[in-house]
Amino acid sequence: MRNQTVTTFILLGLTDDPKLQILLFIFLLITYMLSLLGNLAIIILTFVDAHLKTAMYYFLQNFSFLEISFTSACIPKFLYSIATGDRTITYNACVSQLFLTDLFAIVEFFLLATMSYDRYVAICRPLHYMTIMNPMVCKKLISGCWIITLLLMIPPFCYLLTMEFCDSEMDHFLCDVNPFLKISCSDTEFIEKMVLFCCAFFLLVTLMFVVWSYGSIIRTILGFPSARQKKKAFSTCSSHLIVVSISYGSCIFTYVKPSAKDETATNKVSALFITSISPMLNPFIYTLRNKQVKNALNDIFKKLLLLRYHRG
């Protein structure tokens, strides 16, 4: 069947067991709500707190926005599917989900590389930090992340839209590239090479930039005279380093694979981690390991309590 005649796909999900589906629904609902609350809290804090107006928190604000957008592009649909038993998704909705999840995910990696550069400037060139990372430069860096991602994505995505399909069932809970290619009866060799090249390009380029930044950071920190200075410098980039490790580790494990048609099964557990657990963990990682964010949260809570007390 041609994609022009395909009106719906069927997403098989993770399990057919009703009891497991109930547990899965509760788990996903909790992680999704925590992701929204955690990332929204960071966005609000960086807007209202005067101490969080530096480039670091501007990038963190954008990262939280991407996390909300990424998880919202797939988890609500999956929750609806579990709750209603309706596993169908229209062709247009499927390709939109595929485009948006990949878009937000790839922009995140470029943003993580940008954030590592921000940490490099803060630690290796602290006297020039405010000059180098001024608001205009930060906006240009964010715009660059989106522009490069779109330039990488549009060619393979346009080619993907021309494919024909022999089946409508996808062995996944979301519209992803690998299950999308598995049900195609077109020759997928070319598109697989395009996808592999794009994935390898953005992963290698951003990872090399992160490694270079942290290599320079470590060399600079080791040259500090006191242990206190070293500890303080490491603490400023530890949260970002943890998020980088989780993001790159899970992505490489999930997407760097052989041909989609030769794969016996898609690693749906890894995809579940990337789309639900990782967006939930990241705001907590940044909050628990960052004194300025914790202080901003405490200030907000104190103001809310005082406001409630005065009203009472």
Side-chain angles (χ1 to χ4, degrees), residues 1-18 20-33 35-36 66-108 149-150 153-154 156-186 188 191-192 195 199 251 254-255 257 260-261 263-279:
M1 83 175 53
R2 290 181 174 273
N3 59 346
Q4 287 88 343
T5 62
V6 173
T7 57
T8 57
F9 291 115
I10 299 171
L11 299 172
L12 298 182
L14 289 173
T15 179
D16 292 323
D17 189 327
L20 287 177
Q21 284 186 334
I22 293 172
L23 292 174
L24 183 63
F25 181 85
I26 295 171
F27 170 77
L28 286 174
L29 183 62
I30 292 172
T31 56
Y32 181 63
M33 294 305 297
S35 298
L36 291 182
L66 284 170
E67 291 283 57
I68 291 172
S69 303
F70 177 62
T71 190
S72 296
C74 48
I75 296 301
K77 169 59 183 173
F78 190 31
L79 287 171
Y80 173 81
S81 175
I82 297 172
T84 63
D86 182 9
R87 298 184 176 184
T88 60
I89 183 170
T90 64
Y91 175 83
N92 290 336
C94 187
V95 295
S96 297
Q97 186 183 73
L98 174 62
F99 179 79
L100 290 175
T101 51
D102 285 355
L103 174 68
F104 297 136
I106 297 172
V107 172
E108 275 191 18
T149 300
L150 287 170
M153 280 190 61
I154 288 174
F157 187 77
C158 290
Y159 187 84
L160 202 69
L161 295 177
T162 66
M163 301 187 70
E164 301 174 357
F165 297 94
C166 302
D167 194 1
S168 61
E169 290 188 350
M170 289 191 196
D171 187 17
H172 213 301
F173 64 89
L174 58 85
C175 291
D176 198 15
V177 173
N178 284 333
F180 204 76
L181 295 178
K182 285 180 74 174
I183 63 172
S184 173
C185 49
S186 301
T188 61
I191 184 64
E192 284 178 28
V195 170
C199 288
C251 185
T254 304
Y255 292 106
K257 293 179 177 179
K261 287 195 178 242
E263 256 185 330
T264 56
T266 316
N267 198 328
K268 294 182 279 188
V269 175
S270 294
L272 187 68
F273 177 86
I274 293 170
T275 56
S276 64
I277 301 174
S278 183

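The analysis underlying the following values was restricted to heavy atoms, covering all of them including side chains, and did not include hydrogens, waters or symmetry mates. Because the structure is predicted, anything quoted here is derived from the model rather than measured.
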Item to check | Reported CG-to-CG distance for the pair Asp171 and Leu14, which is rounded to 0.5 angstrom | outcome: 9.5 Å
Checklist entry - Sequence neighbours excluded, which residues qualify as disulfide bond (SG atoms under 2.5 Å apart) partners of Cys175? => result Cys94
Checklist entry - Would you say Thr162's side chain and Tyr159's backbone share a donor-acceptor pair under 3.5 angstrom? => result yes
Item to check | Ser35 side chain vs Thr31 backbone, donor-acceptor pair below 3.5 Å | outcome: yes
Item to check | Set of residues satisfying ring-ring contact (aromatic ring centres under 6.0 Å, His included) with respect to Tyr32, sequence neighbours excluded | outcome: none
Checklist entry - With a 4.5 Å limit on heavy-atom distance, are the side chains of Asp102 and Phe157 in contact? => result no
Next on the checklist: Going by the rule side chain to side chain donor-acceptor pair (under 3.5 Å), which residues pair with Glu67 if we only count those two or more places apart in sequence or in a different chain?
Outcome noted: Asn282
Next on the checklist: Using the salt bridge (charged side-chain N to carboxylate O under 4.0 Å, His left out) criterion, which residues pair with Asp17? Sequence neighbours excluded.
Outcome noted: none
Checklist outcome for this item: Hits for side-chain contact (heavy atoms from CB on, under 4.5 Å) against Ala73, two or more places apart or cross-chain, chain-then-number order -> Leu100, Thr101
Checklist outcome for this item: Hits for side chain to side chain donor-acceptor pair (under 3.5 Å) against Thr88, two or more places apart or cross-chain, chain-then-number order -> Asp86
Checklist entry - If we only count heavy atoms from C-beta on, is the Pro279 to Ile68 side-chain gap below 4.5 Å? => result no
Next on the checklist: Looking at Phe27, I'd like to know if its CZ atom is crowded, meaning that more than 12 non-hydrogen atoms belonging to other residues, nucleotides or ligands lie closer than 6.0 Å.
Outcome noted: yes
Checklist entry - Roughly how far, to the nearest 0.5 Å, is CD of Glu108 from OG1 of Thr149? => result 10.5 Å
Checklist entry - Between Leu160 and Leu181, does a side-chain contact (heavy atoms from CB on, under 4.5 Å) hold up when you go through it step by step? => result CA-CA 9 Å; Leu160 202 69; Leu181 295 178; 3.7 Å; yes
Checklist entry - Roughly how far, to the nearest 0.5 Å, is CD1 of Ile89 from CD of Gln97? => result 4.5 Å
Checklist outcome for this item: Residues Arg87 and Thr15: closest non-hydrogen pair is NH2-O, 3.4 Å
Item to check | Closest heavy-atom pair and its distance - Leu98, Asp176 | outcome: CD1-C, 3.7 Å
Next on the checklist: I need the Leu36 CG to Ile75 CD1 distance, nearest 0.5 Å.
Outcome noted: 10.5 Å
Next on the checklist: For Phe173 and Ile82: C-alpha separation, side-chain torsions, deciding distance, then whether side-chain contact (heavy atoms from CB on, under 4.5 Å) applies.
Outcome noted: CA-CA 10 Å; Phe173 64 89; Ile82 297 172; over 6 Å; no
Checklist entry - According to the interplanar angle, ranging from 0 to 90°, do the rings of Phe165 and Tyr91 count as parallel (below 30°), tilted (30 to 60°) or perpendicular (above 60°)? => result perpendicular
Next on the checklist: Looking at every heavy atom in both Val95 and Asn92, which two are closest together, and how far apart are they?
Outcome noted: CG2-O, 3.3 Å
Checklist entry - Is there a side-chain contact (heavy atoms from CB on, under 4.5 Å) between Ile277 and Leu272 once you walk through the steps? => result CA-CA 7 Å; Ile277 301 174; Leu272 187 68; 5.6 Å; no
Checklist entry - Quick one: does Glu169's side chain have a donor or acceptor within less than 3.5 Å of a partner on Leu12's backbone? => result no
Checklist entry - Got a donor-acceptor contact below 3.5 angstrom from the Thr90 side chain to the Thr8 backbone? => result no
Item to check | Shortest non-hydrogen contact between Thr71 and Ser276, atoms and distance | outcome: OG1-CA, 4.4 Å
Checklist entry - Who are the ring-ring contact (aromatic ring centres under 6.0 Å, His included) partners of Phe104, not counting sequence neighbours? => result none
Next on the checklist: My understanding is that only residues two or more places apart in sequence, or in another chain, count here; which of them pass ring-ring contact (aromatic ring centres under 6.0 Å, His included) with Phe25?
Outcome noted: none
Checklist outcome for this item: In terms of heavy-atom contacts, Leu24 and Phe78 come closest through CD2-CZ, 3.8 Å
Item to check | Residue pair Gln21 / Asp16: nearest heavy atoms and the distance that separates them | outcome: NE2-CA, 4.2 Å
Next on the checklist: Please determine whether side-chain contact (heavy atoms from CB on, under 4.5 Å) holds for the pair Leu174 and Lys77, giving the CA-CA distance in whole Å, both sets of side-chain angles, and the decisive distance to 0.1 Å.
Outcome noted: CA-CA 8 Å; Leu174 58 85; Lys77 169 59 183 173; over 6 Å; no
